[in-house]
Amino acid sequence: MSATWCPAARLAEIVGEEAAAILLREKASRPLYVRARAPHPDLVELIGAGPAAALSATYGGQDIILPTSAIRPEPRKVRVAELLEAGASIRDVAAEVGVSARFVGEVKRDLGLSRPRRKPKVGREVIEAMVRAGRMDAEIAQSLGVPQKRVWCVRQEIQREARA
């Protein structure tokens, strides 16, 4: 049997604002079975007899799922951004806020906090100018962020051109 979605506004209509806030805080995003006849004693203890009876009258014999968005005091992106700027890792932020790591990565990219996936390409002319200036291959490779073999290949081409 599938669970029935119960929006926060509808829940507040049935059980009242205070009981709805308690249910949303304690039981959000997990299926909650509502007994058909007498409300479960744990539910009565949590929100009171009247609201529990009203919930049983409406959704008795069903699993209901309550939203998590109604209990978030601030937008998720704002909280994610705060944690990222504080230096928290993507996984830690995802666990703390209750969102996916992918969502956190997207927010990080949107904020400009992530490193570019690829380094900008360095043109042959730049490497050639540094070789002609007398710099060492390792030094050129490290300063430009290119493989040392690429610098070596450019140096070899310069030498071939000089011999020709």
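Worth saying up front: this structure is predicted, and the values here are computed from it rather than measured. As a basis for the values below, the full set of heavy atoms in this structure was taken, side chains included, without hydrogen atoms, waters or symmetry mates.
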Output the distance between atom [atom1] ([X]) and atom [atom2] ([Y]), rounded to the nearest 0.5 Å.
{"X": "Arg10", "Y": "Thr58", "atom1": "CZ", "atom2": "OG1", "answer": "5.5 Å"}
{"X": "His40", "Y": "Asp42", "atom1": "NE2", "atom2": "CG", "answer": "4.5 Å"}
{"X": "Lys149", "Y": "Asp137", "atom1": "NZ", "atom2": "CG", "answer": "13.0 Å"}
{"X": "Arg135", "Y": "Ile127", "atom1": "CZ", "atom2": "CD1", "answer": "11.5 Å"}
{"X": "Glu18", "Y": "Ile22", "atom1": "CD", "atom2": "CD1", "answer": "5.5 Å"}

Members sharing Trp5's hydrophobic cluster (side chains within less than 4.5 Å): Ile65
side-chain hydrogen bond (donor to acceptor under 3.5 Å, both in side chains) partners of [X], counting only residues at least two apart:
{"X": "Ser143", "result": "none"}
{"X": "Arg150", "result": "none"}
{"X": "Glu96", "result": "Arg79"}
{"X": "Arg160", "result": "none"}

Does [X] reach the side chain of [Y], with side-chain heavy atoms less than 4.5 Å apart?
{"X": "Leu55", "Y": "Leu11", "answer": "yes"}
{"X": "Asp92", "Y": "Leu83", "answer": "no"}
{"X": "Leu144", "Y": "Met130", "answer": "yes"}
{"X": "Leu32", "Y": "Leu23", "answer": "yes"}

Verify same cluster id: Met136, Val126 (apolar side-chain graph, 4.5 Å): no
Val131 with Trp152, same ILVMFWY side-chain cluster at under 4.5 Å: no
Identify the two heavy atoms, one from [X] and one from [Y], that lie closest to each other, and give their separation to 0.1 Å.
{"X": "Ala20", "Y": "Ala12", "result": "CB-CA, 3.8 Å"}
{"X": "Leu84", "Y": "Ala88", "result": "CD2-O, 3.9 Å"}
{"X": "Ala81", "Y": "Leu111", "result": "CB-CD1, 3.5 Å"}
{"X": "Ser56", "Y": "Val34", "result": "CA-CG1, 3.5 Å"}
{"X": "Val44", "Y": "Ala52", "result": "CG2-CB, 3.9 Å"}
{"X": "Pro51", "Y": "Val15", "result": "O-CG1, 3.3 Å"}

Does [atom1] belonging to [X] count more than 12 external heavy atoms closer than 6.0 Å?
{"X": "Glu17", "atom1": "CD", "value": "no"}
{"X": "Glu139", "atom1": "CD", "value": "yes"}
{"X": "Glu13", "atom1": "CD", "value": "yes"}

Residues Val97, Phe103; criterion side chain to side chain contact (heavy atoms under 4.5 Å, CB included); working and verdict: CA-CA 11 Å; Val97 180; Phe103 178 80; over 6 Å; no
Test log, rule side chain to side chain contact (heavy atoms under 4.5 Å, CB included), inputs Lys27 and Leu46: CA-CA 10 Å; Lys27 303 291 184 180; Leu46 187 64; 4.1 Å; yes
Summary of side-chain hydrogen bond (donor to acceptor under 3.5 Å, both in side chains) pairs that have at least one residue in residues 122-133, sequence neighbours excluded: Arg124-Glu128, Arg124-Glu157, Glu128-Arg132
